[in-house]
Each structure stands twice: as structure tokens, then as C-alpha cells.
Amino acid sequence: MISATADAWLLVMLKQMSSPVKVKRLAAVIGDPVRHSRSPAIHNAAFAAVGLNWGFTAFEVPAGGGRDALQAMRTLGLAGMSVTMPLKAEVAAAADLRDPEVEVLKAANCIVADDDGQLRAVNTDTAGFVAALNADAGVDPEGMRVALLGAGGAARAVAWGLAAAGAADIAVINRTPDKSRAAAAVANAAAGAAEPGRVASFDDVADADLVVNATSVGMGSDPAMPCDPELVRPGQVAVDLIYQPTQTPWLAALRARDVAAHNGLSMLVYQAAAAFELWTGKAAPVEVMLQAATAPQ
Ligand SMILES: NC(=O)c1ccc[n+]([C@@H]2O[C@H](COP(=O)([O-])OP(=O)(O)OC[C@H]3O[C@@H](n4cnc5c(N)ncnc54)[C@H](OP(=O)(O)O)[C@@H]3O)[C@@H](O)[C@H]2O)c1
């Protein structure tokens, strides 16, 4: 004979077994290294905030594995994929479709599964930088003169974003001149008829409204600075794309000179917000994402 308690327990179990299983959708970031990525914290917080039964994880995929990762996305039906180093170029080349900025940048940080199952490569760093600039500094790039320090992948995405948003002059200052020329050409490709992109030197910093550090100088515990902070003065806006540490030596020196200077956390969040919106079709809860990005890991 079954006791009353066991009876009640059995009823609960039967009820649970007969209720439909809620299938959780999964999205992921791929890259190498990816263990310390903030993307899972940012996206899981965002999914929960809008009531989506989705989860986000990180898969370590070494260089050369981008094409297989796209195939895995198809097979497993992943809802979306973020892409970080060293896979941005491989996935851009291997995707079924590429947005116009990806055709030029030859790098994607986001994969979207279109309704017909085609995988589309997108670069959300471009618009993410502009949205972050607007949120942090309250400025619009239209008509701005920019000194862009660096000409790597991040600098080229920023050059595209600023030129597409109407920046009047994008002076690219970089250690390796060939790369400066390539980054200036990206800006010119984004601008259409206008030609804001040009190769420049540190002399051009003084004339800029906006100074952007898109080099990796100052990252981690690197004490170096991407340019002499004395070249930047109050009234100019400065952005350092680095977010680890949250205050680089360059940002600290600029702030000591009363320059409005911002780090790369907002760009990280706004590029994620753009990806979230492409995957889910819902407005991204940016404040929640920002909190998740800044919470201790
Ligand atoms: N906030 C965000 O969401 C976000 C997104 C992407 C990247 N980032 C940050 O942006 C930075 C650049 O990333 P990336 O992907 O563009 O890297 P990358 O493609 O490797 O480019 C690195 C850039 O830094 C320059 N550089 C490196 N060491 C230098 C040195 N000692 N002196 C002068 N220039 C030096 C390189 O110059 P050469 O061309 O001469 O080698 C190049 O322009 C990283 O710190 C990254 O964390 C932030």
C-alpha cells in the first residue's frame, strides 16, 4: 500500500512528466582563447531579462576550425554565434552570405542564421563602436575629425563605423604604414563618394575632435601608451577600445588632464546588443548587459 505522502509525490512526478519539455535554444561564442570571455555573462543576463529560455556558452575553437564550427552551428541548430580571435576572417570567408562591411573588412564577429537556414556573417563592432560613442560621450560622428591610433582588425571596424556614420576626416596613425593605408581605404569604402580616410602622423592628433586608441598598447599589465597624452587636450573626446584593464595608463593620464576619456566596455556591450537583436528580434536590454559586463567574474 502506498502512503499518502508517496501518493502525492507520485502525482507531482506524473504531472511533470506529462507537461511539455521546454527546449532551450543555445547560442555561443567561438574563439581561442575564449575561457575568459565576458560574452556568456552578457548574453545569459540579457536572455533572462527579456524572458527568453535561451542559453549562451563558449566553445574553444582553434585557428583553422572556423568552417567546421559553422557546420556545427547548422547541425546543432544554434540560434547565433559570436566570433572572436583567431576566427574572424575564416568565418567571414566560409559563411553563406556576408554583409557589405564584412565583404570589405574580411572579418566577422557575429553569425546570424537567416530564416532559410543560410548563415550570414555580420560585423557588429562597426555600429557597436558608434552606439557606444553616443552612449558614453553623447556625440555623433557626423562631420567629426578623428585621429585613429592603430590599423588592426578593431581599428578597421571603427574606421568603417565612423565613416558610415559621416565622419569628415579619419586620420589613421599606425606603426606599420601598409596597414594604415588599408585602414584608410576601409573608411573610404564605407563613406561612398566622400573620402575621409587618410594616412597620418601624431601631428594630426591636435586637430581631431575624437582620438581613438585601437592599438593593443596598454592592454593587460602593459604600462605603455599609444600616444603621448600631452598631445590630447580638454575639449577633445578620447576612447580607448581596451577594457582590460578598465583604466589603461593612457586613460589615466588623459583623465588627469581633464580630457573626457572612455574605455572599451561600452563597445563590447553595444556590439553584443546588436548581435542579440539580430538573433532574437527583440530589443536588447543594454543596461542589464552593461551590468553583466562589469560584474566581477
Ligand atoms: N572594446 C571592444 O569591444 C573591442 C573590440 C575589439 C578589439 N578591442 C581591443 O582593441 C585592441 C586591438 O585589437 P585588434 O583586434 O585590432 O588587434 P590587432 O588586429 O592585432 O591590431 C593591433 C594593433 O595594435 C598595434 N600595436 C600593437 N603593438 C604595438 C606597439 N608596441 N606599438 C605600436 N602599435 C602597436 C598594431 O600595429 P601594427 O599594425 O604596426 O602591428 C595594430 O595596429 C585590443 O586591445 C583589443 O582588446 C576591443
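Whatever order the structure lists ligands and atoms in, that order sets their numbers, starting from 1. Computation of the quantities below employed the complete heavy-atom set of this structure, encompassing side-chain atoms and omitting hydrogens, waters and symmetry-equivalent molecules.
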Pair Thr176-Asp178, side-chain donor/acceptor within less than 3.5 Å: no
Amino acids contacting ligand 1, non-hydrogen cut-off under 4.0 Å: Gly150, Ala151, Gly152, Gly153, Ala154, Asn174, Arg175, Thr176, Lys179, Ala214, Thr215, Ser216, Val217, Met219, Leu241, Ile242, Tyr243, Gly264, Met267, Leu268
Hydrophobic cluster partners of Ile242 (side-chain heavy atoms under 4.5 Å): Met219
Donor-acceptor side-chain pairing of Thr248 and Asn263 below 3.5 angstrom: no
With sequence neighbours excluded, residues passing side chain to side chain donor-acceptor pair (under 3.5 Å) with Ser37: Ser39
Residue list, ring-ring contact (aromatic ring centres under 6.0 Å, His included) with Phe47, at least two apart or on another chain: Trp54, Phe276
Heavy atoms from other residues, nucleotides or ligands near CG of Asp115 exceed 12 (cutoff 6.0 Å): no
